[in-house]
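Chain letters run A, B, ... following the sequence lines, proteins first and then strands; every chain starts at 1.
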Amino acid sequence: MKGLVLDNLRRDQLTDAISKGRRLDGRGMSEYRKLEIRPGIIPKAEGSARVKLGDTEVMAGVKIEHGKPFPDTPDQGVLIINAEVLPLASEYAEPGPPDEDAIELARVVDRGIRESKMVDVNKLVIVPGKEVYLMYVDISVISTGGNLFDASSYAVVAALMNTKFKILKQEENGSVIPTGETSELPIVDLPVSITAVKIKKGIILDPDVEEESINDGRLTVAYDQEGNLCAIQKGQASGLKVEEIMEMVKMGKEKVPEIREMIRGALEKNG
Amino acid sequence: MKGLVLDNLRRDQLTDAISKGRRLDGRGMSEYRKLEIRPGIIPKAEGSARVKLGDTEVMAGVKIEHGKPFPDTPDQGVLIINAEVLPLASEYAEPGPPDEDAIELARVVDRGIRESKMVDVNKLVIVPGKEVYLMYVDISVISTGGNLFDASSYAVVAALMNTKFKILKQEENGSVIPTGETSELPIVDLPVSITAVKIKKGIILDPDVEEESINDGRLTVAYDQEGNLCAIQKGQASGLKVEEIMEMVKMGKEKVPEIREMIRGALEKNG
Amino acid sequence: MKGLVLDNLRRDQLTDAISKGRRLDGRGMSEYRKLEIRPGIIPKAEGSARVKLGDTEVMAGVKIEHGKPFPDTPDQGVLIINAEVLPLASEYAEPGPPDEDAIELARVVDRGIRESKMVDVNKLVIVPGKEVYLMYVDISVISTGGNLFDASSYAVVAALMNTKFKILKQEENGSVIPTGETSELPIVDLPVSITAVKIKKGIILDPDVEEESINDGRLTVAYDQEGNLCAIQKGQASGLKVEEIMEMVKMGKEKVPEIREMIRGALEKNG
Amino acid sequence: MMNLIDEGGKRLDGRSFDQLRPFSMQAGLLKSASGSAYIEQGGNKILVGVYGPRDSRSRYGTNQDKAVLRCRYHMLPFSTEERKSPQPSRREIEISKVIRDALEPALLLEEFPRSVIDIYIEVLQSDGGSRGASITAASIALADAGIPMKDLVSAVAVGKVNGHLVLDLSDTEDKEGEVDLPIAVMLNSGLITLMQMDGKLSEDEFRQAIDLAMAGAKELREAQRKALVQKYFKEVDS
Amino acid sequence: MMNLIDEGGKRLDGRSFDQLRPFSMQAGLLKSASGSAYIEQGGNKILVGVYGPRDSRSRYGTNQDKAVLRCRYHMLPFSTEERKSPQPSRREIEISKVIRDALEPALLLEEFPRSVIDIYIEVLQSDGGSRGASITAASIALADAGIPMKDLVSAVAVGKVNGHLVLDLSDTEDKEGEVDLPIAVMLNSGLITLMQMDGKLSEDEFRQAIDLAMAGAKELREAQRKALVQKYFKEVDS
Amino acid sequence: MMNLIDEGGKRLDGRSFDQLRPFSMQAGLLKSASGSAYIEQGGNKILVGVYGPRDSRSRYGTNQDKAVLRCRYHMLPFSTEERKSPQPSRREIEISKVIRDALEPALLLEEFPRSVIDIYIEVLQSDGGSRGASITAASIALADAGIPMKDLVSAVAVGKVNGHLVLDLSDTEDKEGEVDLPIAVMLNSGLITLMQMDGKLSEDEFRQAIDLAMAGAKELREAQRKALVQKYFKEVDS
């Protein structure tokens, strides 16, 4: 991935600070940048949210359609998550189909949502085996300021919680039409994604774009409401020791309640 | 768009002449190059025409198939117009999928046909909401000698007027089969596209490839049978004054009957 | 096609030897390299085979699915052959969609199988006109050591002979389900592909990669069980005289029984 | 024909014939872009980022005499009623081209030979007149990027609805009405840089429609100027 | 089996076994191409344009020792019974390759190192034997472009229909018959540069089929020569 | 929930919780590749070819300071239950990336600036744990290519099945079980270079799962070493 390359001076300043348990922007090791979550900003979409996390900015939109279920899950609704980094998101971004980074982003966010069982897909069936709801969730990255995984995950979670869609039914002649009523999605968990990176020997959460550019190993963990780990993705061409991983998992777990409250709060303020 | 670049001498000659109300090939400001229209030259296609306009040469072919209507127009046949500039059409052309110029060409021709309501698509229905006729119109540019918009539009209009297709019906078991009869398309208008360009302060119609290469603004207008404007496309990265636009519209409107007669004449000669 | 370029010395040695009726690796003019055929090596596939022919190595796999027949052959099963040269197959290979060489390879192998009527596609029908068996045959080239056409053809023939698939039936409600029984494919011929090349004035069979790189004309002929020619492909940008072609055809025809026995033997050992 | 004008001569959303939809514009909200702008106009929500002038990476698109202007008009998948497939549609490709052609006449590209300027237009939510709003916003973003300009480009559509010429079509008016005529103009010189039309107008109606568009453009241009001033003072203040 | 030969030994279109379909050829009708040709043969209507030798734009395809020959065989969407999708089919890709290989032996490419020659074949209307007609026409276009050649390449298909060997298959004979065997030949040297076959022939039948093709090619070659002469005199006259 | 563990604490294929599936590895079987390896592990059959270090052909991917590592994980169309379409899936693209990231830490790429190393992984037949087996085999292939390495990378998945942590998931255990947790490790340094997880584990279970993976990796690493030694002696002998 093309991206920011820090000069040596700045790199040394950053690593020195972190080795002393500090960060150049004054944050604590576990501290997130300012997080703003604005659900419902795209009224045309069934669900939407815009998330700012420091300089990182991401939108997620949910469109609900209907269609055939996957053959191996005939009695479940379908969740499809895509991501694109808009070319205006940074000087390194380019127009075109999603590259491996955008694909990884979509798939990691997807696993956090899916494995937490956040949405009860068993309830998103119109006619078992024939017609189910399709949830298309699209992530659009507006500004790449570090920690895209968490920002995107929060945006998707908020957009799903914000979703209202038209209830559909199948008529005798086979056509699928709205009943006239609307519904929220059957939300049964609220997963939280926490990303940690190692820089030299220090471990920090929520890396900004500079910290990300010099990280020696990244770990993104999604936690469900009961405190279980429900999805993990290690990133970066580098190795992590077991102790480091366990430390990251612990720091993450401690952070989760705070983030979960912020997401909930944003939704309530809006709802 | 890559293309012809005139040397300064030739450019000056052209603009000088036009500023004096003349054109280097002797044409009047509103005069079209020699226009030849040969309908029906591809018997395998349901409709076809080859148009030569000076050095510009274009073919259009119509294939009639059947399929589902668009959801928002369940009781109308479907018209789909595509264009490709064949790689043999000029030294600048290249093989590959249509570029932005070819896409614009197809869409501008499409709007002229569609907005004039030339073909009564309400009559191209087999089973309302389920099966309608699909008109695929393909424009193949054989030689790019200037004013592709008009030449392509005339080719498509002539090909549609020349079209004969098999009438289809749906059987009880759902399959769609020919009745054995054929029909012409329900043609209810005959739109004419006129393209004007400004060169310095002069306005001319039907620019050739040299004139096109130095134009300071282009306007393509389609006129219906009642003299209304029914589609417009301004081209070129340049500005036109309102008076210039009105002058172009007026010159075009005066030219329309002559072109319409030529198209009609070619069809009658052939039919 | 990018590929091997021999130096002049080696080229001269090769052509000298061939002009004297010899080959540098000691083979006779009609002699094939060591041929190993291992059917059934991919148990997950309905049929499979791995073929080594000298340094050339190819796998073929058969997957049997069901679907609609082609409109012009409503009462026949469908055979689809694709080929890809894996990027690990040579230093000149590259990842990506099949290029013209891979497409030609697939189509030439396809014609030999299809025109010999090896598989009785009339017997591969589930519901006439509606549901038939689809045979997807994929050729994966693992090592390009010369004479890909023959090696690939043998792999496909062996994989088809090795195929066992689930018999399907259509239920009243339209869904297609397995009956619980399996079947072999209805094999009614065993075509053999023989490739000859001309080098200067000599004609040899089964060229290796060096011989291929300096060939002055290639001819691939498939023969059916009755000794008929059933598919031909001349290759290389060069000309062949009629006598040379007839000589190639004759040498090939004499070679066929030996190869056919090897294929049969490999299948029997396995079956 | 759908009834789009009420007895009192008001449109469905209560506007008079010559009234714009509510709009707002902001300059300079993207940190990494050379220039940026955000516009809301009716239901349109459009973000524009400009990068450049910067070195042209590909030799293909380089021009020795001036900067190459590139433009991508792109709709986010959730910006439309039905989910939009991420592949660029033919409509998006054409609109990208006409927007580029509408903006280029305002720019002094000769000052930046061998470089490239990229305009990225992202339609977050679409409504009628998105190409006009895109041009209006892109114009702000180009100015915000400090690219020397002869004039701002201001754009708006005029239409015909139930037989009446009306300014700044909403989505419903666009779909159910008779004519859509988007126009972009550099008001200083009166030069029209974009004009397209779908639907039937007489020559006289056409002439009136242009005047209506000009009046709307004037109002938008004032707002463009204000958005740039506001950005400037923000920078001075901070 | 469909009945393709009548009792009098005539084919569906009235031809005898060794008779070509009506054909016509013209050289040099495209203004901007280096060379061009148009052929009609049966229902085939094929236009060929040749560009080059010209500088190779991409380093990828450059050869230091000779011109690179490129060839695209392309069917227009309306050239076939069912509309042909504009994307190149596998069939078109294979035919492009074998046509290129059939033409290259006739060309003295060594005279133009580091350059490229493009052959663009456009099938306006397709019928049986379009690849043969394409080669015959492309050969004229290459000569018209002034590219030095050892010989013209002439091509035609032979087939087996209801058990009889016949020359120059029509579409119906190709689809309903037993064998299709297209052959291209440089008649001066007797070198066969294209040969493909679908369907079953004994060795003897195969030998006879080649002779039949040779006779057909001779007739076509005479017409190729005439088309070139005609073009030459047109130029001299004008 | 499907019953995947029997009363005696055995898995469907008779293995104990901490037992690997049968496996075999070979080094150096591709003639033209710089290095190669073949692995079978359960139903996985995976072939890996390494090319390089070689000159980077495209300027895009060149790095002045070290070799660029590229990796393609690719499933043959017949390797899966349902035929796999030849286009690269999003899953294949992601796995290619994480495998590349898992291998790079073991390589001394700085020794080969401005060059490229290509790892081509071909899954001939897929089963559970194909990404782990791919890493294990690719590691052998890289060593076989003579690329200087700090350590071999060994990889295996741990999972949770009917509530039990088990080593080296089969396809059925992966699909019907609760958790899949593939891990790659350089055992000398204890550095984990790949970790992904699907499904729910408590923090404690997660810690135990890592230990189980480490034990499995140790066994695989011994086999990797043997495969390389065997290749070496073969070469010495011949």
### Counterpart residues, salt bridge (charged side-chain N to carboxylate O under 4.0 Å, His left out), relative to F/E203 (two or more places apart)
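Only A/K253 meet the salt bridge (charged side-chain N to carboxylate O under 4.0 Å, His left out) criterion with F/E203.
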Chain F: which of A/D72, A/L219, A/L240, A/I245 shares the most heavy-atom pairs with it under 4.5 Å?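 The option with the most such pairs is A/L240.
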Practice item. Decide yes or no for A/M246 and F/I210: does some side-chain heavy atom of the first lie under 4.5 Å from some side-chain heavy atom of the second? Key: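 Result yes, sub-4.5 Å side-chain heavy-atom pair found.
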Tell me, side chain or backbone of F/M195 under 4.5 Å from chain A's heavy atoms, or both, or neither?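 Its backbone and side chain both get close to chain A.
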- Task: Could you tell me which portion of F/L194 (side chain, backbone, both or neither) has an atom closer than 4.5 angstrom to a non-hydrogen atom of chain A?
- Result: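 For F/L194, backbone heavy atoms alone lie under 4.5 Å from chain A.
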Worksheet item: What residues of residues 127-154 of chain F sit under 4.5 Å from chain A when you count only heavy atoms?
Response: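 Listed by number, there are no contacting residues, so the answer is none.
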Contacts with chain A made by residues 76-99 of chain F (heavy-atom distance under 4.5 Å), listed by residue number |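 Residues of residues 76-99 of chain F touching chain A at under 4.5 Å: F/R90, F/R91, F/I93, F/E94, F/K97, F/V98.
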| task | Can you tell which part of A/D110 gets under 4.5 Å to a heavy atom of chain F, answering side chain, backbone, both or neither? | result |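 A/D110 has no heavy atom closer than 4.5 Å to chain F.
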#### Entry: Criterion side-chain contact (heavy atoms from CB on, under 4.5 Å) on F/R100 and A/E100, from CA distance to verdict
CA-CA 12 Å; F/R100 190 187 66 219; A/E100 60 171 29; 2.9 Å; yes
- prompt: F/P105 and A/A237: which non-hydrogen atoms are nearest, and at how many Å?
  reply: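 Heavy-atom minimum between the residues: CG-C, 3.5 Å.
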Quiz item: What's the verdict on side-chain contact (heavy atoms from CB on, under 4.5 Å) for F/R207 and A/V242, showing C-alpha distance, side-chain angles and the deciding distance?
Solution: CA-CA 9 Å; F/R207 185 67 188 80; A/V242 177; 3.5 Å; yes
| said: Which residues in residues 222-235 of chain A have any heavy atom closer than 4.5 Å to a heavy atom of chain F? | reply: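 Checking residues 222-235 of chain A against chain F gives A/D224, A/N228, A/L229, A/C230, A/A231, A/I232, A/Q233, A/K234.
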Q | Distance, nearest 0.5 Å, that separates CD of A/E244 from CG of F/L191 | A |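 Here the interatomic distance stands at 7.5 Å.
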Output the distance between atom NZ (F/K200) and atom OG (A/S116), rounded to the nearest 0.5 Å.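 Going from the NZ atom of F/K200 to the OG atom of A/S116 covers 6.0 Å.
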